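For reference, the structure is listed below as structure tokens.
Proteins get letters first, then strands, A, B, ... in listed order; numbering begins at 1 in each. Owing to the predicted nature of the structure, the values given are computational and were not obtained by experimental measurement.
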Amino acid sequence: MMDTERLIATLAADNGYPTRPPARVLAIAVPVGFAISLALLLATLGLRPDFMQATHNPFFDLKFVVTLALALAALPIALQASQPQRLPRRWLWLLLIPVSLLALGIVAEAAAPPPVPAMTRLMGHNALLCMASIPALALPLLAAALIGLRAGAPQRPALAGAIAGLLASGLAAALYAAHCIDDSPLFVATWYTLAVALVTLLGAAIGSRALRY
Amino acid sequence: MQGRDEEWTALMRSANAGDSAAYHRLLKAVTPVLRAAARRGLARSGQPIDQSEDIVQDILLAVHLKKHTWDDGAPFAPWLFAIARNKLIDALRRRGRRVFVNIDDFAETIPSAPAAETLPTTEIAGHLESLPARQRDVLQSIAVDSASIKSTAAKLAISEGAVRVALHRGLARLAGKLRTE
């Protein structure tokens with residue numbers, strides 16, 4: 001028999017127990033997840049053979065800018081979403097940054113088109129590998145992001161899970177970009193986006209259960 | 001309401017600074033407001049209001065386990081009502097009704113006293129038995145027998161630190177059980 005008075009006294013007795021807010025859990029879990037995914041990339045796919053040379057190609061570099069911009073935009077939205085009284089609307093516009101950067105890349109490439117037809121650039125060399133690798137590399141990161149958000153109290157668990165998916169897939173896509181030999185923004189806009197969407201859906205599906213409190 | 005909200009915020013700040021007595025007072029102060037909102041929610045969805053105490057306890061547990069998500073610089077009441085609203089919707093939904101809960105249900109509520117008659121065993125109490133042995137023993141001692149952490153440690157012949165860990169984990173596990181049932 002436990003009445004509310006006694007429950008309150010019990011909760012008061014537990015008052016000093018140290019707990020970590022989501023920001024601090026994320027600060028630990030996401031770097032760990034990133035290290036695991038990086039190790040996974042290096043152990044399986046590896047960097048592309050001409051990695052150092054490729055860094056001189058602005059479209060290669062743009063892949064990192066866009067994917068990291070996505071991850072960085074998702075972070076404050078995730079923190080917002082971890083609070084019970086806030087919907088993450090206030091920072092959603094940040095997601096326009098990676099989208100605009102990618103759009104600028106497409107325009108820049110169209111302005112001085114390489115000798116390869118656009119459709120060939122879009123299809124790339126290995127779209128399927130991209131579609132499979134980014135979600136696979138995102139799994140440790142998604143777990144990390146969800147662990148961080150579980151320390152919170154999100155008002156919309158599925159939405160918070162989706163944002164965790166964006167954060168995870170942004171970082172995973174940046175890792176995969178180091179292996180991927182397709183640099184055309186058209187390729188990135190198609191296949192990277194599809195992979196990110198996949199991880200985001202997975203995050204929403206897991207979040208709708210795991211992020212309830 | 002202004003004065004009440006400020007008082008709650010001040011109490012929660014003290015609680016986070018380690019003042020358990022302030023925390024106790026805060027939980028006591030918010031409970032009648034939560035109870036009235038729970039009753040109103042139950043009544044509106046055509047369910048017996050005698051289940052309100054389960055919902056109140058469910059909300060208090062969530063508030064406790066998630067209090068680190070409250071931002072010290074923000075007022076406490078909106079945060080509290082967001083948690084309460086979420087748990088109330090969950091609780092009513094579990095009882096199988098389509099529900100609409102308005103945030104004003106909390107803000108404009110007149111506090112209710114608990115039902116005068118002895119309450120039936122609540123959901124939380126029912127889940128105590130299914131906890132791992134140490135968590136169950138610690139919660140039994142503190143929550144049911146109203147023993148202190150110190151005397152519980154002496155009685156179970158474990159350290160006070162171990163009692164604190166078992167207490168916190170037991171509460172978190174109870175919250176998990178309430179969620180999944």
Residue part contacting chain A, namely of B:Lys28, when any heavy atom lies under 4.5 Å = both
Closest heavy-atom pair and its distance - A:Leu122, A:Phe187 | O-CD1, 3.3 Å
Answer yes when B:Asp72 and B:Arg13 have at least one side-chain N-carboxylate O distance shorter than 4.0 Å, and no when they do not.
-> no
Tell me, with the steps shown, if A:Ser37 and A:Leu171 meet side chain to side chain contact (heavy atoms under 4.5 Å, CB included).
-> CA-CA 9 Å; A:Ser37 295; A:Leu171 291 172; over 6 Å; no
Chain B contact via A:Pro18 - which portion, at a heavy-atom distance below 4.5 Å | neither
Salt-bridge present (A:Asp3, A:Arg6; N to O < 4.0 Å) = yes
Classify the angle between the aromatic ring planes of A:His179 and A:Tyr176 as parallel (below 30°), tilted (30 to 60°) or perpendicular (above 60°).
-> tilted
Among side-chain atoms of A:Thr4 and B:Gln57, is any donor-acceptor pair under 3.5 angstrom?
-> yes
Checking A:Tyr17 against chain B: side chain, backbone, both or neither under 4.5 Å from a heavy atom?
-> side chain
Side chain from CB out, backbone as N, CA, C, O: work out which of these in B:Ala175 comes under 4.5 Å of a heavy atom of chain A, or both, or neither.
-> neither
Picking from B:Lys67, B:His168, B:His24, B:Arg25, which has the most non-hydrogen pairs under 4.5 angstrom with chain A?
-> B:His168
If you tally heavy-atom pairs under 4.5 Å against chain A, which of B:Asn86, B:Leu171, B:Ile142 wins?
-> B:Asn86
Looking only at B:Val163, B:Ile83, B:Leu65, the option with the highest number of non-hydrogen pairs under 4.5 Å against chain A is B:Ile83
From the list B:Arg94, B:Arg179, B:Lys177, salt bridge (Lys or Arg N to Asp or Glu O under 4.0 Å) partner of B:Asp58 resolves to B:Arg94
From A:Asp14, A:Asn15, A:Thr19, residue fulfilling side chain to side chain donor-acceptor pair (under 3.5 Å) relative to B:His64 | A:Asp14
Which region of B:Val63, side chain (C-beta onward) or backbone (N, CA, C, O), has a non-hydrogen atom less than 4.5 Å from a non-hydrogen atom of chain A, or is it both or neither?
-> neither
Among A:Ala9, A:Gly16, A:Ala23, which residue forms the greatest number of heavy-atom pairs with chain B at distances under 4.5 Å?
-> A:Ala9
Contact part of B:Leu60 toward chain A, heavy-atom cut-off under 4.5 Å: side chain, backbone, both or neither?
-> both
Select one option (side chain, backbone, both, neither) describing which atoms of B:Ser20 are under 4.5 Å from chain A's heavy atoms.
-> both
Please look at A:Arg209 and chain B and tell me whether the side chain, the backbone, both or neither of the residue comes under 4.5 angstrom of a heavy atom of that chain.
-> neither
